[in-house]
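Residues: numbered from 1 along the sequence shown. Below, each value reflects all heavy atoms present in this structure, side chains not excepted, and no hydrogens, waters or symmetry copies. Atoms within each ligand, like the ligands themselves, are counted from 1 in listed order.
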Amino acid sequence: YGKVSGRNSKLFYSPNMNKKYNSLILLEGEIRAALHKNEFMLHYQPKVNVVTGEIIGMEALVRWFHKERGYIPPNDFIPLTEETGLIIQLGEWVIRQACKQHVEWMDKGMDPFSIAVNVSAIELQRNDFAEKVFRIIEETGMDPSHLVIEITENSVMQNTEDCINTMNKLRERGISLSIDDFGTGYSSFGYLRKFPINYLKIDQSFIKNALTDASNAEIVKAMIQIAHTFGLKVVAEGVEDPEILSFIGTQQCDYYQGYFFSEPLPPLEIEKLMTVKSN
Ligand code: C2E
Ligand code: MG
Ligand code: MG
Ligand code: MG
């Protein structure tokens, strides 16, 4: 018995797993501390009208510049915040910060644009989510008609009825809803029709290869057409060059984001960009 259990436990606590586990625990602690010390920040990526080139909105993306480890991308820590529940605190901070920033920008007299925040499934599925957003709106003085909430496809596929309820509440307040990374999940247009959404964002994996892969081009075309028949506006993600921009233009895509126009920028850089545009 001793031997067997010894072997099993040795298997279970392999040094590598231990190391990985420890570093996750460490990271969790550091996320807590960063929240406490206000070390996260938001960068903003412009969302641009394909035809006019006008900036119609900004997407807020969370940034973590770790003192010792340098930049840690959201894909490396958001999943852990989702597992530990810390996403609730982080998500609330993101929404509040984006709203504050928008109010500050509008007060400065910048041309109106919308601000989008990413919300994870864990946040959306809390039954107090809509109320929390309304509280932040009241607290900050944010105009709800300028707020967009981006949700990934798969997060509305779990507890669909509850999600639709929450989405309807948000819409009634004038908030807009966007399906993010479309095409990477279930991608059911039938489901899509049930959701009270305004925008569909085509995932960058389809956009990037649209000119090198004929089937991707067809998929992009079809997504845009169907989205339009449902009355949705379409955003292309990850536009990196003018050829792709002109391709999505010929397909009547409404808006785009991507390095071709601008990468996500800190608030001061956004202000410079907006002054240049209006001059
Ligand atoms: P997303 O919401 O789909 O955001 C788009 C990602 O693509 C961003 O990466 C953006 O920097 C990147 N991107 C934009 N244009 C281009 C381009 O032309 N080429 C390439 N290669 N990439 C481009 P980022 O900032 O690393 O964020 C990754 C993901 O992390 C986001 O995907 C989103 O799912 C999540 N995320 C970011 N901020 C938040 C947040 O505040 N809350 C939550 N829940 N998730 C967030
Ligand atoms: Mg997004
Ligand atoms: Mg996306
Ligand atoms: Mg994404």
Side-chain angles (χ1 to χ4, degrees), residues 31 34-35 39-48 50 55 57-65 70-102 114-126 129 132-133 136 147-156 176-185 187 197-211 223 234-245 247-248 253 255-266 269-270:
I31 295 169
L35 274 167
E39 279 179 356
F40 289 103
M41 72 175 292
L42 295 180
H43 281 189
Y44 298 86
Q45 186 178 39
K47 206 172 272 177
V48 183
V50 171
I55 296 174
M58 306 280 176
E59 177 178 3
L61 293 153
V62 72
R63 294 292 177 257
W64 187 13
F65 299 99
Y71 175 61
I72 305 179
N75 285 332
D76 288 1
F77 66 90
I78 294 281
L80 187 64
T81 66
E82 290 174 335
E83 275 166 43
T84 55
L86 283 170
I87 189 66
I88 299 299
Q89 258 175 286
L90 178 63
E92 183 169 345
W93 179 84
V94 167
I95 300 169
R96 183 174 288 108
Q97 186 58 32
C99 287
K100 277 189 195 164
Q101 182 66 75
H102 189 266
S114 65
I115 209 131
V117 291
N118 292 282
V119 163
S120 95
I122 314 277
E123 297 174 82
L124 186 74
Q125 283 163 15
R126 288 278 191 116
F129 179 71
K132 189 181 267 185
V133 174
I136 294 171
L147 183 61
V148 182
I149 291 182
E150 297 193 3
I151 323 161
T152 59
E153 221 179 314
N154 293 348
S155 60
V156 283
S176 300
L177 301 173
S178 182
I179 296 289
D180 205 349
D181 300 348
F182 188 74
T184 58
S187 309
I197 54 172
N198 309 81
Y199 302 96
L200 191 129
K201 297 185 76 173
I202 301 176
D203 191 67
Q204 42 181 282
S205 56
F206 298 98
I207 302 299
K208 282 198 181 124
N209 305 317
L211 294 177
M223 284 176 174
V234 182
V235 185
E237 300 187 311
V239 173
E240 293 185 355
D241 55 64
E243 290 78 22
I244 298 283
L245 179 57
F247 168 74
I248 61 163
C253 183
Y255 310 114
Y256 76 99
Q257 285 178 282
Y259 296 166
F260 176 63
F261 187 87
S262 170
E263 59 185 69
L265 299 170
E269 297 296 318
I270 289 290

Which of the atoms in ligand 1, numbered in the order shown and given with their element, are less than 4.0 Å from a heavy-atom of [X]?
| X | value |
| --- | --- |
| Asn75 | 28 (C), 29 (C), 30 (O) |
| Asp180 | 1 (P), 2 (O), 3 (O) |
| Gly258 | 15 (N), 18 (O) |
| Glu240 | 17 (C), 18 (O), 19 (N), 20 (C), 21 (N) |
| Ser120 | 44 (N) |
| Pro264 | 11 (O) |

**Q.** Of the N, O or S atoms in Asp181, the one nearest the Mg ion (ligand 3)
**A.**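 Output for this pair reads OD1.
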Q. Out of the N/O/S atoms in Glu237, what is the name of the one closest to the Mg ion (ligand 3)?
A.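 In Glu237, the N, O or S atom with the shortest distance to the Mg ion (ligand 3) is OE2.
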How close do [X] and [Y] get, heavy atom to heavy atom, and via which atoms?
| X | Y | answer |
| --- | --- | --- |
| Ala98 | Tyr44 | CA-OH, 3.9 Å |
| Ile248 | Ala236 | CD1-CB, 3.7 Å |
| Pro264 | Arg63 | CG-NH2, 3.6 Å |

Does [Y] offer a backbone N or O that forms a donor-acceptor pair with the side chain of [X] under 3.5 Å?
| X | Y | answer |
| --- | --- | --- |
| Asn198 | Leu177 | yes |
| Gln97 | Val94 | no |
| Glu123 | Phe129 | no |
| Gln45 | Ser262 | yes |

**Q.** Euclidean distance, Glu237 CD relative to Lys201 NZ, rounded to 0.5 Å
**A.**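 With rounding to 0.5 Å, NZ (Lys201) is 4.5 Å from CD (Glu237).
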Q. If you measure from CD1 on Ile197 to CD on Glu153, what distance do you get to the nearest 0.5 Å?
A.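 Separation between the atoms: 9.5 Å.
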If hydrogens are left out, which of [options] has an atom nearest to [atom], that is, the closest non-hydrogen atom?
| atom | options | value |
| --- | --- | --- |
| atom 24 (P) of ligand 1 | Gly91, Pro74, Pro73 | Pro74 |
| atom 40 (C) of ligand 1 | Ile122, Thr184, Val62 | Val62 |
| atom 15 (N) of ligand 1 | Arg63, His43, Gln45 | Gln45 |

Quick one: does ligand 1 sit under 4.0 Å from the side chain of [X], the backbone, both or neither, non-hydrogen atoms only?
| X | result |
| --- | --- |
| Glu237 | side chain |
| Asp181 | side chain |
| Leu42 | neither |

Q: Identify, by name, the N, O or S atom of Glu150 lying closest to the Mg ion (ligand 2).
A: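 Going by distance to the Mg ion (ligand 2), the closest N, O or S atom in Glu150 is OE1.
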(Q) Just to confirm my numbers, could you give the angle made at the Mg ion (ligand 2) by OD2 of Asp180 and OE2 of Glu59, rounded to 10°? (A)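 It is 180°, given to the nearest 10°.
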Q. Would you say ligand 1 has an N or O under 3.5 Å from any N or O of Gln257?
A.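 Gln257 vs ligand 1: no N/O contact under 3.5 Å.
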Q | N, O or S of Asp203 under 2.8 Å from the Mg ion (ligand 3) | A |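 Short answer: no, not a single N, O or S atom is under the cut-off.
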**Q.** contact_flag Lys208 ligand 1 heavy-atom lt 4.0 Å
**A.**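 Under 4.0 Å: yes for Lys208.
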Q) Measuring to the Mg ion (ligand 2), does Ser178 have an N/O/S atom at a distance below 2.8 Å? A)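 No - counting backbone and side chain alike, Ser178 has no N, O or S atom under 2.8 Å.
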